[in-house]
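Here is the structure we will look at.
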Amino acid sequence: MAAERYNHREVEPKWQKFWTESKSFEAKEDVSRPKYYVLEMFPYPSGRIHMGHVRNYTMGDVIARFRRACGYNVLHPMGWDAFGMPAENAAIERGVHPKSWTYENIAAMRKQLKSMGLAIDWSREFATCDPSYYRHEQAMFIDFMDANLVERRVSLVNWDPVDQTVLANEQVIDGKGWRSGAVVEKRELAQWFLKITAYADELLSALDGLDKWPEKVRLMQKNWIGRSEGLRFTFDLEDAAGKKRDQGLTVYTTRHDTIFGASFCAVSADHPLAKEIAESNEDVATFRKEVAALGTSEENIERAEKRGCALGVFARHPFDPNVKLPIYAANFVLMGYGEGAIFGCPAHDQRDWDFATKYNLPILPVVAPRGIISPPLGDAPYLDKDGDECVLVNSQFLDGMNVEQAKAEVAKRMKDSGRGEVRVNFRLRDWGVSRQRYWGCPIPVVHCKDCGIVPVPKSQLPVELPEDVTFDKPGNPLLHHPTWKHVNCPKCNEPAERETDTFDTFIDSSWYYARFASSHASIPVDQDASKYWLPVDQYIGGVEHAILHLLYSRFYARAMVKTGHLQIKEPFESLFTQGMVIHETFRTKSGEWVLPSDAVTKDGAWVHGSSGEPLELGGVEKMSKSKKNVVDPDTIIASYGADTARWFMLSDTPPERDIQWTEAGAEGSWRFTQKIWRLVNDIAATPSQSVSMNEQGLALRRISHRTVATVTDDLNNLRFNRAIARIYELANAISQSLQSANKSDALDGALREAGSFLVLLMAPMMPHLAEECWKLLGHKSAVVDGNWPKVEAGLVAVDEVTIAVQINGKRRDEMTVAKGLDRGAVEVAALALDTIMRQLDGKSVKKIIVVPDRIVNIVCEG
RNA sequence: GCGGGCGUGGCGUAAUGGUAGCCGCAACGGACUUAAAAUCCGUAGGAAGAAAUUCCGUGGGGGUUCGAAUCCCCCCGCCCGCACCA
């Protein structure tokens with residue numbers, strides 16, 4: 001009976017080889033079966049997988065294997081988000097070419113992922129830096145141009161003067177370039193934009209249909225899109241002498257009801273009016289420079305005091321010729337939102353209040369609680385505005401109206417006078433996709449001095465990246481390349497220049513899921529394949545992509561539909577955002593981080609294993625190299641096996657929460673693999689296939705079948721931790737039965753069934769162990785080709801229930817009765833219990849609540 | 001500032017209106033062993049009690065209900081997202 005210890009080092013590679021050779025996971029379109037497309041967010045090939053990858057891909061793998069066992073035709077692909085700056089940094093710092101760096105990393109990580117035993121269709125693998133991928137990206141960009149989804153325009157960007165490149169906002173830290181440390185400048189550059197704002201309304205309203213997305217993510221997208229309904233209107237302007245200017249000032253507001261409370265106007269420092277006046281006004285010019293110098297970091301913007309500079313021009317109040325509002329350039333007005341100009345109503349807006357207080361501007365209350373004539377202004381603005389509880393005052397024809405009515409009236413009068421109209425505004429900006437980088441997809445256009453911008457003809461795609469580039473000087477290597485950019489215009493054939501910017505890598509990841517449907521097609525997406533496989537049924541990834549990647553992908557799907565490449569409404573039917581992997585950190589008294597493996601307990605305190613130096617706990621944090629609390633998946637897989645790592649990642653903690661890696665927990669998972677191996681060995685050694693059944697065997701069968709039912713339900717709902725708790729219970733029940741004193745043929749039959757179920761249920765989580773156990777139980781077929789166990793209704797049905805008996809809501813006793821026993825009988829039985837009679841002690845029963853099969857509550861006095 | 005989430009044994013957690021603490025980790029006692037590991041059996045929220053049993057207990061306070069970890073209101077604490085968006 002004594003089984004050999006389960007040896008994952010032999011077993012895991014053996015079954016991986018088997019799955020590969022039998023092409024177990026290669027997916028083919030098959031209309032006769034329901035399809036299921038499960039996808040985890042594909043990795044950036046940094047060089048090594050980390051525990052976060054292990055968790056992410058394990059979850060997806062469990063779903064893929066489970067759905068497959070349930071009869072679905074499953075697509076579970078893998079690829080590489082392979083363009084981006086780390087590859088260029090490696091080139092600059094270590095002299096390796098981005099291409100070789102990337103493909104070597106891919107090879108290393110592919111090997112690691114394969115060692116996890118993932119049920120992936122590797123035949124569909126691609127990297128976004130493959131010309132065979134990005135050629136289609138280029139072709140679609142040209143389609144997008146034709147469909148009027150692309151714009152080239154000048155915009156303000158973060159410019160790193162040392163590295164000579166544009167930086168994303170995230171790459172600007174405290175106003176300095178994250179790599180060079182140089183103070184970032186704002187520059188106006190011609191950039192390519194995708195018109196995501198054209199879909200702002202649609203992207204917002206369609207969120208309601210994404211009922212299988214986390215509420216949190218939908219909310220984040222909603223806030224990001226930031227729809228607001230307001231009024232855009234134009235003030236007439238006059239100069240200091242009272243002379244009317246030709247140009248008016250157009251502003252945007254959502255509080256047009258407060259127009260009679262206006263005491264000033266403010267424009268962004270970058271507003272055309274401010275620029276114009278700066279030409280003849282030193283103060284304004286200086287102010288503009290100061291605002292520009294403030295930098296772009298959020299921290300600076302947040303801390304900056306509200307400041308302004310009078311422009312010396314005035315706005316005429318649209319409804320009151322006696323009122324003239326001074327106009328300021330102000331640092332808190334954003335050029336990118338609305339019109340870059342506002343009117344200020346200090347009595348009812350915090351920012352306007354701050355500004356008016358500083359510059360001694362009038363504060364005119366115009367909204368007050370109903371019935372109160374003098375609005376309650378202490379040292380703060382009055383911000384209530386909803387409902388009928390507050391009304392307009394001091395506002396001529398608006399007096400007495402509530403806020404909504406006043407807005408409608410102002411909007412009507414503005415419209416009638418041709419001064420303005422109601423307008424919906426979005427916070428969402430168009431997507432700037434130009435990057436002055438080498439390692440990205442070349443933007444397939446040519447600049448011709450005669451023909452202007454000319455798309456590269458599709459027959460000439462892909463526009464491939466040149467390989468002979470150098471990284472010895474700052475800036476874009478494509479720009480410095482001696483010949484690459486010099487081409488003839490595709491239209492007039494005269495000398496012209498290629499676009500040297502490349503795409504934002506978020507474009508690459510915005511449609512990769514669709515490419516997986518037909519990875520090798522000669523067009524971006526094969527129609528039959530995409531109609532069969534798309535949308536993705538289950539998408540899994542980190543919540544850090546809640547906005548950018550997921551919003552871009554939703555937009556891209558719509559753009560691809562418009563250009564005839566796709567026929568779906570949304571790319572990801574169901575979204576799951578998993579938590580991070582966290583780990584304890586340790587540090588010395590001087591604050592240096594120490595590897596957890598170097599920390600040992602001595603006399604109840606943590607000390608450094610070799611030096612003996614005392615250590616303090618630094619808190620449980622996301623695994624990061626800087627805090628030295630990373631655990632290398634290779635090490636774990638080598639010592640415990642992939643199954644153990646997978647099992648641990650799913651145990652105990654709900655998948656959406658952060659999971660703490662602990663050595664003890666990993667050992668616990670490892671012990672469980674050994675326990676299963678022992679149990680299955682013992683079961684395999686039982687002789688009988690008997691169908692006879694005794695009481696004990698029946699009890700075990702009930703447990704087996706109920707476990708199948710609950711685990712199935714849990715896996716359908718991604719409740720891996722609960723499924724695992726139930727599998728532990730089944731294993732414990734098997735263990736009990738095996739040690740039972742009165743073992744019999746009858747019990748052996750139930751044991752064999754329980755063992756088979758145990759193996760099949762844990763197979764999605766621990767696939768290698770499952771195959772080995774399955775074979776040991778004498779099965780000829782592989783688990784991967786088999787079916788999910790079926791429950792027998794009769795064994796899952798309950799005929800007796802234990803119900804609690806309460807007195808006044810407190811549990812006093814319990815009793816076991818036949819399922820479905822009627823109320824009257826339950827009442828009688830409950831009142832007859834010794835404990836209950838004693839507790840009631842002659843008190844009069846007021847009423848009895850009976851919840852069938854659950855609980856009896858006897859309500860009595862006292 | 002605005003929006004969202006969370007708070008349960010020593011720890012991760014389960015129970016989403018119906019017996020609070022399933023399952024796991026750590027711990028303790030015992031068996032086996034020359035010994036250790038592994039394994040197996042057992043104990044385990046707090047308090048009182050020899051025990052039966054009783055009382056208390058899901059961050060704090062209040063409410064709804066026959067019954068609340070769960071629903072509602074207020075407060076405290078922690079976490080996340082957005083942030084001068086007019």
Side-chain angles (χ1 to χ4, degrees), chain A residues 2 5 214-224 226-228 230-231 251-256 258 265-266 298 301-306 330-334 336-345 348-352 354-355 383 425-429 543-544 546-547 620 647-648 651-654 656-660 662-669 671-672 674-675 678 719 721-732 735-736 738-739 802-815 835 838-839 846-860:
Chain A
R5 249 160 69 135
E215 186 59 32
K216 180 184 174 182
V217 174
R218 290 195 291 169
L219 249 163
M220 282 165 73
Q221 291 211 351
K222 185 182 169 206
N223 293 337
W224 186 265
R227 185 180 197 273
S228 76
L231 184 77
V251 299
Y252 176 75
T253 179
T254 56
R255 289 302 303 277
H256 29 298
T258 64
C265 286
E298 274 173 21
I301 292 170
E302 184 185 354
R303 277 208 295 250
E305 193 186 357
K306 286 172 186 49
N331 64 346
F332 68 94
V333 181
L334 307 173
Y337 186 78
E339 301 297 322
I342 61 162
F343 76 78
C345 177
H348 306 289
D349 182 280
Q350 186 67 52
R351 290 159 311 181
D352 297 347
D354 295 345
F355 193 78
L383 300 172
N425 235 319
F426 294 94
R427 215 187 70 107
L428 183 69
R429 301 270 81 85
V543 74
E544 67 272 18
I547 295 173
V620 183
W647 187 257
F648 178 86
S651 304
D652 299 345
T653 302
E656 67 277 10
R657 275 192 227 174
D658 290 351
I659 189 170
Q660 187 181 350
T662 61
E663 197 71 11
E667 274 168 22
S669 295
R671 279 200 301 273
F672 187 64
Q674 297 296 334
K675 178 169 182 165
R678 276 196 311 277
R719 294 187 295 234
N721 55 319
R722 298 212 316 187
I724 281 179
R726 300 294 83 80
I727 291 172
Y728 270 111
E729 282 174 343
L730 178 59
N732 290 342
S735 182
Q736 293 293 320
L738 278 168
Q739 284 157 37
T802 300
I803 64 179
V805 182
Q806 300 179 331
I807 293 176
N808 290 339
K810 285 190 176 174
R811 180 190 168 279
R812 293 298 175 193
D813 204 350
E814 62 180 31
M815 59 184 187
T835 332
R838 186 153 29 87
Q839 289 271 338
K846 284 202 229 158
K847 70 173 159 175
I848 301 180
I849 313 276
V850 177
V851 182
D853 300 335
R854 299 222 74 151
I855 209 160
V856 187
N857 189 11
I858 299 162
V859 185
C860 68

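Remember, it's a predicted structure, so these values are computed and weren't measured experimentally. All values below were derived from every heavy atom in this structure, side-chain atoms included, with hydrogens, water molecules and symmetry-related copies excluded. Proteins get letters first, then strands, A, B, ... in listed order; numbering begins at 1 in each.
- Residues satisfying the ring pair (Phe, Tyr, Trp, His ring centres under 6.0 Å) test with A:F648, not counting sequence neighbours, are A:W661.
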Nucleotides 48-54 of chain B: which of its N/O atoms have a protein N/O under 3.5 Å away?
unit_1	atom_1	unit_2	atom_2	d
B:rU54	OP1	A:Q839	NE2	3.0

Practice task
Give the B/S/- string for nucleotides 20-32 of chain B, one per nucleotide from 5' to 3', where a protein heavy atom under 4.0 Å of the base yields B, of only the sugar-phosphate yields S, and otherwise -.
Solution key: --BSSSS------
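- Base contact: A:R427 has a heavy atom under 4.0 Å from a base atom.
- Comparing B:rC56, B:rU13, B:rU39 by their closest approach to the side chain of A:R678 singles out B:rU39.
- Taking atom CD on A:Q221 and atom C1' on B:rC80, their separation rounds to 16 Å, with Å as the unit.
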Practice task
Check the pair A:V805 / A:R812 against side chain to side chain contact (heavy atoms under 4.5 Å, CB included), numbers first and verdict last.
Solution key: CA-CA 6 Å; A:V805 182; A:R812 293 298 175 193; 5.8 Å; no
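- Note on A:V851: a base of the nucleic acid sits closer than 4.0 angstrom, heavy atoms only.
- Remark: RNA chain B takes part in the stems B:1-7 with B:76-82, B:10-12 with B:23-25, B:27-31 with B:39-43, B:45-48 with B:53-56, B:59-63 with B:71-75, each of 3 or more antiparallel Watson-Crick or G-U pairs, criterion distances under 3.5 Å.
- If you check every strand for non-hydrogen atoms under 4.0 Å, A:V805 touches nothing.
- Contact annotation for A:I849: base contact, defined as any heavy-atom pair under 4.0 Å involving a base atom.
- OP1 or OP2 of B:rA86 sits under 4.0 Å from a side-chain N or O of A:Y337.
- In this structure, A:N721 reaches the sugar-phosphate backbone alone: every heavy-atom distance under 4.0 Å involves primed, P, OP1 or OP2 atoms, never a base.
- For the pair A:L219 CG and B:rG5 C1', the computed distance is 11 Å after rounding to whole Å.
- Here the side chain of A:E814 is nearest to one of B:rU19, B:rC84, B:rG81, namely B:rU19.
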Taking N or O atoms only and anything under 3.5 Å, show me the protein contacts with nucleotides 41-44 of chain B, one pair per line.
unit_1	atom_1	unit_2	atom_2	d
B:rC41	OP1	A:Q736	NE2	3.2
B:rC41	OP1	A:Q739	OE1	3.2

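- Between the base of B:rC84 and the side chain of A:K306 there is a donor-acceptor pair shorter than 3.5 Å.
- Between A:R657 and B:rU13, a side-chain N or O to OP1/OP2 separation shorter than 4.0 Å is present.
- Contact between the side-chain N/O atoms of A:R351 and the OP1/OP2 oxygens of B:rA83 is not found at any separation under 4.0 Å.
- With A:D352 contributing its side chain and A:G344 its backbone, the two residues share no donor-acceptor pair below 3.5 Å.
- Among the nucleotides B:rC84, B:rU19, B:rG67, the one closest to any side-chain atom of A:N857 is B:rG67.
- Partners of A:F332 according to the ring pair (Phe, Tyr, Trp, His ring centres under 6.0 Å) rule, which considers only residues two or more places apart in sequence or in another chain, are A:F355.
- Candidate nucleotides B:rC85, B:rC82, B:rC66 were compared by shortest atom distance to the side chain of A:I547, and B:rC82 ranks first.
- Closest to the side chain of A:R854, out of B:rG18, B:rG81, B:rC66, is B:rG18.
- Panel note: side chain A:N425, backbone A:S228; no donor-acceptor pair is recorded below 3.5 Å.
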